[in-house]
Amino acid sequence: MTDLSVLESDLLGAVAAASDLAALEEVRVSALGKHGSISALLKGMGAMSPDERKEKGPLINGLRDRVQTAIAERKAALEEAALSAKLAAERVDLTLPAPPRRKGSVHPTMQVMDELVEIFAQMGFEVAEGPDIEDDWHNFTALNFPPKHPAREMHDTFFFNPDEKGERKLLRTHTSPVQVRTMVSQKPPIRIVAPGRVFRCDSDQTHTPMFHQIEGLVIDRDINMGHLKWTLETFLGRYFETDTVATRFRPHHFPFTEPSAEMDVRCDRSGGEVKVGQGDSWLEILGCGMVHPNVLRQVGIDPNEFQGFAFGLGVDRLAMLKYGMPDLRDMFASDTRWLQHYGFSAYAVPNAATGLD
Ligand code: PHE
């Protein structure tokens with residue numbers, strides 16, 4: 001019997017000493033593997049006399065069970081230690097300060113879009129939207145551009161290739177098609193602004209092939225140019241945050257308004273930058289007019305019953321004026337240093353209570 005207890009203590013010692021799973025596996029094979037010491041004892045039982053087997057069998061089986069259990073326990077312990085070591089090695093200290101990184105920011109154009117919408121919403125306007133890819137009818141025909149009229153060319157339109165039906169889609173050249181879409185789908189009274197991207201094949205210091213406009217449209221009974229002037233002056237005063245906005249209408253031509261005008265705002269250009277609300281210079285900032293009766297007819301509104309005004313202004317331009325960005329092209333160059341300098345915090349949401357910017 002002594003050899004059984006010697007074997008047991010040797011094996012248990014080896015199990016306890018196994019410092020990793022590979023070493024433990026070696027001990028298991030040496031005891032319980034095909035040629036292992038305990039396997040040999042188990043095999044030897046077949047040659048024993050019944051009496052001897054009765055006496056030694058339980059001892060050998062007991063030895064096997066205890067060694068098996070010890071191996072299983074050691075294995076679990078080693079596995080847990082390995083997992084803990086792995087977790088410790090991969091631990092991330094969330095309390096460490098993050099390395100300084102360039103912060104994301106809101107582009108001035110988007111910030112100004114939000115400011116404009118906030119101001120017009122306060123004045124009772126809803127926001128309307130339309131697609132960037134338009135058809136000829138919404139962008140031109142319904143807006144009273146005669147077929148083949150040079151005004152279509154003036155817009156430097158990006159046309160798509162004609163489809164099977166010969167129809168050429170285009171990138172909208174202004175936000176005015178949203179006027180048409182709104183009047184087709186809604187009954188007057190209508191009071192909307194439509195901010196969005198527009199596209200013209202044009203590029204220099206003051207023009208980029210993509211820029212942003214906001215369109216305004218009011219349709220109701222007894223609307224006249226006085227309403228238009230008041231709306232624009234009130235809006236400009238709030239946008240530039242000054243009580244001293246002075247404006248002037250200059251006669252102009254748009255096919256979809258009659259009469260049409262451009263509006264200039266009084267400004268000071270003396271210090272190398274443009275200051276609105278003072279000085280004796282004028283700066284053109286928007287196009288506007290009374291909605292042309294032909295446009296109303298195109299969308300099924302009776303011009304004898306309803307009138308309206310519309311205006312369209314360049315959002316990027318307004319942003320440059322208010323926040324002092326000198327070159328329009330920089331606005332779309334995606335230079336992170338520029339964005340870092342001119343961008344707004346994502347938390348600086350313009351609102352009527354705490355101010356626009
Ligand atoms: N759509 C015109 C443009 O892009 C601006 C405009 C809008 C003029 C509404 C009058 C009325 O130039």
Side-chain angles (χ1 to χ4, degrees), residues 109 113 116 120 125 127-132 134-146 149-158 170-183 190-202 206-220 223-233 235-236 247-265 283-296 298-299 301 303 306-318 328:
T109 295
M113 289 264 203
L116 301 179
F120 282 113
F125 286 74
V127 173
E129 280 181 310
D132 290 357
E134 266 297 4
D135 52 39
D136 187 88
W137 190 78
H138 286 95
N139 198 81
F140 291 126
T141 307
L143 288 165
N144 198 37
F145 284 77
H149 191 276
R152 292 179 189 237
E153 307 309 318
M154 258 163 52
H155 273 218
D156 300 313
T157 314
F158 286 111
L170 47 87
L171 291 176
R172 66 177 177 191
T173 57
H174 50 176
T175 41
S176 301
V178 186
Q179 286 187 35
V180 177
R181 290 183 175 274
T182 308
M183 289 189 282
I190 290 170
R191 227 188 280 179
I192 55 120
V193 283
R197 288 192 188 94
V198 300
F199 307 85
R200 290 186 203 177
C201 187
D202 200 356
T206 51
H207 297 90
T208 49
M210 188 282 301
F211 57 104
H212 300 82
Q213 287 188 335
I214 190 166
E215 188 87 6
L217 174 71
V218 169
I219 304 284
D220 207 338
I223 296 292
N224 60 49
M225 273 193 94
H227 297 125
L228 170 61
K229 191 163 164 49
W230 179 88
T231 303
L232 292 174
E233 282 186 343
F235 150 70
L236 289 169
T247 60
R248 70 177 184 195
F249 277 140
R250 251 181 314 100
H252 198 73
H253 171 76
F254 299 106
F256 39 94
T257 45
E258 180 58 35
S260 303
E262 281 187 334
M263 185 176 248
D264 298 341
V265 63
L283 183 78
E284 176 221 315
I285 51 162
L286 59 88
C288 60
M290 301 305 293
V291 178
H292 198 294
N294 286 350
V295 175
L296 295 174
Q298 283 275 3
V299 296
I301 295 177
F306 292 102
Q307 302 76 42
F309 63 77
F311 56 88
L313 42 92
V315 176
D316 315 292
R317 223 76 205 273
L318 277 191
L328 178 68

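Every number for a ligand or one of its atoms is a count from 1 in the order of the listing. One is the number of the first residue; the rest follow in order along the sequence.
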Exercise. Identify the heavy atoms of Arg181 and Pro131 that sit nearest to each other, and give their distance.
Key: NE-CD, 3.4 Å
Practice problem: Spell out, as yes or no, whether a donor-acceptor pair under 3.5 Å connects the side chain of Arg200 to the backbone of Thr173. | Solution: yes
Quiz item: Which of the atoms of ligand 1 are close to Gln179, meaning less than 4.0 Å from one of its heavy atoms?
Solution: 9 (C)
Exercise. Indicate yes or no: does an N/O atom of Ser176 lie under 3.5 Å from an N/O atom of ligand 1?
Key: yes
Quiz item: Which atoms of ligand 1 are found less than 4.0 Å from any heavy atom of Gly312?
Solution: 6 (C), 7 (C), 9 (C)
Quiz item: Are any side-chain N or O atoms of Thr247 and backbone N or O atoms of Glu233, one a donor and one an acceptor, separated by less than 3.5 Å?
Solution: no
Quiz item: Is there a donor-acceptor contact under 3.5 Å from the side chain of Glu215 to the main chain of Ala194?
Solution: no
Exercise. Give a yes/no verdict on whether any heavy atom in Arg200 is under 4.0 Å from an atom of ligand 1.
Key: yes
Practice problem: Output yes when a side-chain donor or acceptor of His138 lies under 3.5 Å from a complementary backbone atom of Asp135, and no otherwise. | Solution: no
Quiz prompt | Glu215, any N or O under 3.5 Å of ligand 1 N or O | solution = no
Self-check item: Short N or O distance, Thr257 and ligand 1, threshold 3.5 Å exclusive
Solution: no
Quiz prompt | Atom indices of ligand 1, in the order listed, that fall short of 4.0 Å to a heavy atom of Ala310 | solution = 9 (C), 11 (C)
Practice problem: Decide if the gap between the ring center of Phe311 and the ring center of Phe120 is smaller than 6.0 angstrom. | Solution: yes
Self-check item: Contact (N/O only, under 3.5 Å) between Gln213 and ligand 1
Solution: yes
Practice problem: Pull out every atom of ligand 1 sitting under 4.0 Å from any heavy atom of Cys288, numbered as shown with elements. | Solution: 8 (C), 10 (C), 11 (C)
Quiz item: Nearest heavy atom to atom 2 (C) of ligand 1: which of Phe256, Phe309, Phe311, Phe211 does it belong to?
Solution: Phe256
Quiz prompt | Short side-chain to backbone donor-acceptor contact, Asp316 and His212, under 3.5 Å | solution = yes
